[in-house]
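One structure below.
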Amino acid sequence: MTFLPKWLTFLKGKEVVVANAIIAILTIGGQQLFSFFTFSCPCHVGQNLIYGLAFLGVPALILLIVGYALNNQTWRLVMGKRSHFGRVTSSNWLLKCKLVCFVLCSITGRALVAPVTWLAVTLINGSYYICAVSEYVPGYYYGAAPNVTASERSRILATFPCSQLVPPELTRARDEVILLLRYQSQVAGWLLIAVVVITVFLSYCLASCFSPLSFLHFRYWSSYVHNEQELFDEATDQHSRLYAMQNVRKFFGFFPGSENVKEIRIPSLKEWQAISGLAFLKRVDEEHYDYSLLHDWALKERASGKYLRIDEDPGIITQL
């Protein structure tokens with residue numbers, strides 16, 4: 001029974017590492033399924049390179065954009081038009097630039113997890129790379145059609161990723177070319193992994209060296225920020241719910257979950273029209289906004305109109 005709490009204690013404060021590991025595992029699984037169900041090299045001169053690079057680079061680019069889009073820090077940086085640094089001075093401006101650079105590096109590091117995993121796995125697999133560059137291999141080193149023109153040789157080499165299109169006399173040459181390209185692709189994949197791991201390790205080391213906080217102070221700060229965000233999210237949900245309930249109660253005369261409701265309000269046609277339609281964020285003054293049409297109506301209109309007492313005859317509607 002104590003095994004699970006120990007693991008939870010170990011993982012506490014390592015949410016980023018766990019999240020990155022989950023993203024990497026999902027990316028590896030998605031890449032394998034993607035390759036199995038969709039990848040089919042055209043084995044044609046001029047098409048192999050485009051097709052292979054598209055499968056290699058486009059998913060990585062999409063994963064990078066998604067990584068940026070799903071990070072809340074991205075939108076906090078984009079939507080935070082200005083920060084409070086007091087009077088603008090050179091030191092404040094430098095501090096702001098350092099902060100922006102730090103946040104950008106943090107966001108980019110998180111966003112690069114999935115695309116780098118995709119590139120590394122696809123390179124180690126080798127299929128996309130083999131398809132992309134097969135026609136550019138100096139095939140005469142392997143006895144691949146030595147007595148043909150360069151264009152014809154490229155056409156033959158372009159068919160090497162598709163074993164069924166290769167003549168029997170070139171099977172051995174094809175196997176040697178495929179081995180060479182797989183070797184190049186896998187070496188590139190492992191080099192990419194090594195470079196990323198070393199870069200991440202050195203980045204953490206440099207960040208720790210230049211951090212003004214000690215190790216335990218940094219752990220406390222991380223825990224504080226995490227707990228503050230959780231509490232803020234809970235308070236935001238509760239505050240917005242209570243605020244919305246006031247506006248709903250003003251429109252209908254009660255709010256969901258109320259007990260012993262004695263009367264309900266009957267909105268007029270004009271009021272229904274006022275809260276219908278497309279809702280846009282509307283600026284009321286320098287400090288406040290209307291979040292919806294119902295919110296705008298609740299701020300402007302007085303709670304009057306017809307009420308129906310539900311503990312009496314439903315046919316009797318009183319004007320209040």
Side-chain angles (χ1 to χ4, degrees), residues 4-5 8-9 11-16 18-20 22-23 26 65-84 99 103 106-107 110-111 220-312 314 317-320:
L4 185 58
L8 293 177
T9 303
L11 294 177
K12 187 177 181 181
K14 298 179 175 61
E15 292 84 358
V16 174
V18 174
N20 290 341
I22 294 175
I23 292 173
L26 292 176
I65 296 174
V66 171
Y68 276 113
L70 294 182
N71 195 323
N72 290 333
Q73 293 293 335
T74 302
W75 305 112
R76 178 171 292 186
L77 183 64
V78 171
M79 300 176 71
K81 299 181 179 63
R82 57 183 180 271
S83 299
H84 179 69
L99 177 62
V103 174
S106 176
I107 295 172
R110 293 289 301 275
Y220 174 81
W221 172 67
S222 300
S223 178
Y224 171 83
V225 171
H226 175 73
N227 292 328
E228 181 189 76
Q229 188 62 48
E230 282 190 344
L231 293 172
F232 184 84
D233 290 340
E234 293 176 6
T236 298
D237 182 70
Q238 184 176 358
H239 183 281
S240 60
R241 182 175 179 83
L242 292 173
Y243 195 17
M245 286 172 64
Q246 299 302 316
N247 297 332
V248 170
R249 182 172 62 178
K250 185 174 182 180
F251 190 79
F252 288 111
F254 74 101
F255 54 81
S258 302
E259 297 181 358
N260 301 321
V261 178
K262 300 299 183 180
E263 61 183 16
I264 59 175
R265 183 175 182 276
I266 309 300
S268 66
L269 176 61
K270 181 179 179 181
E271 291 169 337
W272 280 113
Q273 292 175 344
I275 68 168
S276 301
L278 297 177
F280 298 98
L281 193 64
K282 180 181 177 181
R283 188 168 187 173
V284 180
D285 52 41
E286 292 295 329
E287 301 293 338
H288 300 92
Y289 286 87
D290 284 343
Y291 302 123
S292 68
L293 295 178
L294 177 60
H295 183 208
D296 181 60
W297 173 87
L299 292 177
K300 293 179 179 179
E301 301 296 331
R302 186 171 60 88
S304 60
K306 295 182 179 180
Y307 284 80
L308 174 63
R309 301 186 186 278
I310 61 174
D311 56 341
E312 299 179 356
I317 299 179
T318 59
Q319 179 80 27
L320 297 181

Could you tell me which residues satisfy side-chain contact (heavy atoms from CB on, under 4.5 Å) with [X], sequence neighbours excluded, listed by chain and number?
X: S268; result: K270, E271
X: Q273; result: L269
X: I22; result: V18, L26

On a heavy-atom basis, which atom in [X] and which in [Y] lie closest, and how many Å separate them?
X: N247; Y: A298; value: OD1-CB, 3.3 Å
X: V248; Y: P256; value: CG1-CD, 4.3 Å
X: G67; Y: A111; value: C-CB, 3.8 Å

Under 3.5 Å, which donor-acceptor pairs do the side chains of residues 239-246 form with other protein atoms, sequence neighbours left out?
from: S240; atom 1: OG; to: T236; atom 2: O; distance (Å): 2.8
from: S240; atom 1: OG; to: D237; atom 2: O; distance (Å): 3.0
from: Y243; atom 1: OH; to: H295; atom 2: NE2; distance (Å): 2.8
from: Q246; atom 1: OE1; to: R249; atom 2: NH2; distance (Å): 2.5

inquiry  = Under a 3.5 Å distance rule, please check whether K306 uses its side chain to pair with a backbone N or O of I266 as donor and acceptor.
reply    =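 The answer is no, because no donor-acceptor pair under 3.5 Å joins these two groups.
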query = Just wondering, are more than 12 heavy atoms of other shown residues or ligands nearer than 6.0 Å to OH in Y291?
reply = no
query = Stepwise, does the side-chain contact (heavy atoms from CB on, under 4.5 Å) test hold for I264 with F252?
reply = CA-CA 6 Å; I264 59 175; F252 288 111; over 6 Å; no
query = Distance from L70 atom CG to R110 atom CZ, nearest 0.5 Å?
reply =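 One finds 10.0 Å between CG of L70 and CZ of R110.
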task = Any chance you could measure N227, atom CG, to Y220, atom OH, to the nearest 0.5 Å?
result =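 Separation between the atoms: 9.0 Å.
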query = Got R265 and F254 here, is their nearest side-chain heavy-atom distance under 4.5 Å?
reply =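 R265 does not reach F254 side chain to side chain.
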key: Pairwise side-chain hydrogen bond (donor to acceptor under 3.5 Å, both in side chains) hits with a residue in residues 66-75, at least two apart   = Y68-T108
Any residue meeting salt bridge (charged side-chain N to carboxylate O under 4.0 Å, His left out) with K300, in chain and number order, not counting sequence neighbours = D296
